[in-house]
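Report on one structure; see the data block that follows.
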Number of protein chains: 2
Amino acid sequence: MSDGAQFQQVSPVRLYQRIVEQIEQAITRGDLKPGQRLPSERELVTQFGASRPTVREALRVLESNGLIRSRPGDPNGPEILPFSSAGLTKEMTRLVQFDNVSMAELISFRMILDGSASMLAARLRSEEELSAMERTIAVMSDAIETGYDEFSKADVAFHEAVAVASRNSLIEVCNQVVRGAVLSLISDKVAHAHNRKALMRESLQHHQEVLEAIRARDGAAAARISRRKLLDYYAGYVPESEQGPLLALVDDEEP
Amino acid sequence: MSDGAQFQQVSPVRLYQRIVEQIEQAITRGDLKPGQRLPSERELVTQFGASRPTVREALRVLESNGLIRSRPGDPNGPEILPFSSAGLTKEMTRLVQFDNVSMAELISFRMILDGSASMLAARLRSEEELSAMERTIAVMSDAIETGYDEFSKADVAFHEAVAVASRNSLIEVCNQVVRGAVLSLISDKVAHAHNRKALMRESLQHHQEVLEAIRARDGAAAARISRRKLLDYYAGYVPESEQGPLLALVDDEEP
DNA sequence: CCCTCTCACTGGCCTGACCAGTAAGCTCAC
DNA sequence: GTGAGCTTACTGGTCAGGCCAGTGAGAGGG
């Protein structure tokens, strides 16, 4: 190779990509805020100087990425949507589905995220946030009789309350995604379990112990308990041979 | 509400979405493997019974999601791409850019991921994996004189080696994404820093200390050092008022 | 056997058209 | 005046057909 300038590989840029970029940037910059409307397709055609199919390709991409939504017949044009983590969820689910991510890895990741969230919550929580958690636990307790859906909803609410208290939304988004992925892999087993009530009671017990540590502002304990309980709860779904990495995560009590 | 059946909200499904779904499923199921080719657009038109613009909209969506790539003139048709975390990175970057995710949260998240990876690596590593890490550190050391690009590449290689040893690819993918997001936010400052060599030396020092703990199989120490060093390195980019949650993460040495 | 050139076919892009929806604004009865 | 109903100008969804610049497998020449 001759010395001197280094060249980057170039790739032809499609017209529709240019349009996507422009609109994406306008949204990111804040020129287009959620709720605002894009001009109609035919109007965009004149503004971008491209044909309608090309403009439409761009809009379809934006739509599939959750940035806009267009309804047929709406005279106001496509709508800018508020940010949602749906795209992230989709991507992460795909990562799980066919990038050889095992159940053990998923649970390991949940243990890390959940443990960290609990630790941060224990150390940073306010009194209001604590009582918010207590309320969700109460709902869970009641929901054991009411039904699994209620219970599950309250469960999510608890983790959300913890996430809020941890002051870190990234944790919650990722945790939510991973949680969803785990559930989608074992949902059939849970749904058909004849001992669902027992499972719910066990889960409730776990959450209460974590809450106790958070109440006591004991970050290390909250993390340890959270991880330990997750492992107990899910260990049955992981083959014996893959449990090593999971045990390494609860192995906190070393000299 | 009358009791009985619960109905879900329905939304009209576009034709192009049906096509996207079918192809996505085929890929997820493994019917279409990376490297294989899709039929040509005109062939797909007849198979799906849709028009070319519609088929093209579907292909554009798949392309923008990183699932396929189509090159003009290629007689073999669009190519199925191997999985890449590019989509995830894009989504996460967007999350950071305009969902009120602060620099502090990003760094906090990195500390969690990196700390956990180091801990797992310390407890699970093999001898080969350890020496792989040592090699990347050596490269980093040499690269201080060679240049920042080399250094950065070796840096990535180190974290990758740690991730491999941690037996959890999710950690590494997420860490890589977050790392990229952080760098994209501060890259200008690093590039213009007049003391880049000093920064590199500091970074190298940090990595060496983590490596030492991993060598000693001391998981707790590896995690603690990793978090501490990340905080030291990046603290300057976080406003004083937002450092609370970060400090909570290194506050391990409690009674 | 290798090299070169051809050509059928590819994807990128465009024009123009039809249809089923939507909602603003008009009409009209009350 | 006011509300209900209808008209209408627009929207997005979809299609058919066409042109162009590329690509690469295979035909042909050396």
Side-chain angles (χ1 to χ4, degrees), chain A residues 7-24 26-27 32-82, chain B residues 9-24 26-27 32-82:
Chain A
F7 296 111
Q8 278 188 6
Q9 189 153 9
V10 296
S11 63
V13 177
R14 315 288 158 68
L15 224 43
Y16 86 92
Q17 281 188 341
R18 291 274 178 78
I19 300 179
V20 168
E21 285 168 16
Q22 285 200 41
I23 298 181
E24 257 182 354
I27 296 179
L32 291 172
K33 290 189 175 57
Q36 284 190 342
R37 300 309 187 93
L38 238 41
S40 75
E41 291 183 2
R42 288 165 176 85
E43 172 63 24
L44 289 173
V45 164
T46 74
Q47 286 194 26
F48 284 113
S51 71
R52 193 143 94 96
T54 303
V55 169
R56 280 179 61 80
E57 285 177 17
L59 292 180
R60 292 293 80 77
V61 168
L62 291 168
E63 189 170 34
S64 94
N65 284 1
L67 287 173
I68 66 171
R69 175 184 53 184
S70 50
R71 282 179 315 138
D74 188 336
N76 296 318
E79 182 183 358
I80 313 285
L81 294 178
Chain B
Q9 188 153 8
V10 296
S11 64
V13 177
R14 316 288 157 68
L15 260 185
Y16 87 93
Q17 281 188 342
R18 291 274 178 76
I19 299 179
V20 169
E21 284 169 16
Q22 285 199 41
I23 298 182
E24 258 182 353
I27 296 179
L32 290 172
K33 289 189 176 58
Q36 284 189 343
R37 300 309 186 93
L38 239 41
S40 76
E41 291 183 2
R42 289 167 176 85
E43 172 62 25
L44 289 172
V45 163
T46 73
Q47 287 195 25
F48 284 113
S51 71
R52 193 143 95 96
T54 303
V55 169
R56 281 178 60 79
E57 285 177 16
L59 292 180
R60 292 295 78 79
V61 169
L62 292 169
E63 188 170 36
S64 93
N65 283 0
L67 286 173
I68 66 171
R69 176 185 52 187
S70 51
R71 283 178 314 138
D74 189 337
N76 296 318
E79 182 182 359
I80 313 287
L81 293 178

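Below, read A as the first sequence line, B as the second, and so on, with proteins coming before strands; counting in each chain starts at 1. Because the structure is a prediction, the values reported are computed rather than measured.
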Whole-Å distance between D/dG13 C1' and A/Glu41 CD?
8 Å

State whether the side chain of B/Arg37 and the backbone N or O of B/Gly77 hold a donor-acceptor pair below 3.5 Å, judged by distance alone.
yes

Round to the nearest Å and state the distance from A/Glu43 atom CD to D/dA9 atom C1'.
16 Å

Taking salt bridge (Lys or Arg N to Asp or Glu O under 4.0 Å) as the test, write out the residues that go with B/Glu79, two or more places apart.
B/Arg69

Value in whole Å for how far the C1' atom of D/dG12 lies from CD of A/Glu57:
16 Å

Could you check which of D/dG18, D/dG12, D/dA25 has an atom nearest any side-chain atom of A/Arg42?
D/dG12

Decide whether A/Arg60 and A/Ser70 meet the rule of one side-chain donor and one side-chain acceptor closer than 3.5 Å.
yes

Indicate, with a heavy-atom threshold strictly under 4.0 Å, whether A/Pro53 touches base, sugar-phosphate, or nothing.
base

Toward the 5' end of DNA chain C, which comes first, A/Pro75 or A/Val13, by nearest nucleotide?
A/Val13

So how far is it from B/Ile19 CD1 to B/Leu62 CG, rounded to the nearest 0.5 Å?
9.5 Å

What is the distance, to the nearest angstrom, from the CZ atom on A/Arg71 to the C1' atom on D/dC10?
14 Å

For B/Pro72 and A/Arg14 the tightest heavy-atom approach is CD-NH2, 4.1 Å

Using only heavy-atom distances, decide whether a donor-acceptor pair under 3.5 angstrom links the side-chain of A/Arg52 to the base of D/dT14.
yes

Footprint ends on DNA chain C, 5' to 3', for atoms under 4.0 angstrom from a heavy atom of chain B, come out as C/dT10 to C/dC13

Starting from P on D/dC15, measure out to CZ on A/Arg56 and report it in whole angstrom.
10 Å

Is a donor from one side chain sitting under 3.5 angstrom from an acceptor on the other, for B/Gln47 and B/Glu43?
yes

Check: A/Asn65 side chain, A/Leu67 main-chain N or O, donor-acceptor pair, under 3.5 Å
no

Looking across every strand, which nucleic acid part, if any, lies under 4.0 Å from A/Arg60 by heavy atom: base, sugar-phosphate, or nothing?
sugar-phosphate

Under 4.0 Å between any heavy atoms, over every strand shown, what does A/Arg14 touch: base, sugar-phosphate, or nothing? Just pick one.
sugar-phosphate

Would you mind classifying the nucleic acid contact of B/Leu15 as base, sugar-phosphate or nothing, using non-hydrogen atoms under 4.0 angstrom?
sugar-phosphate

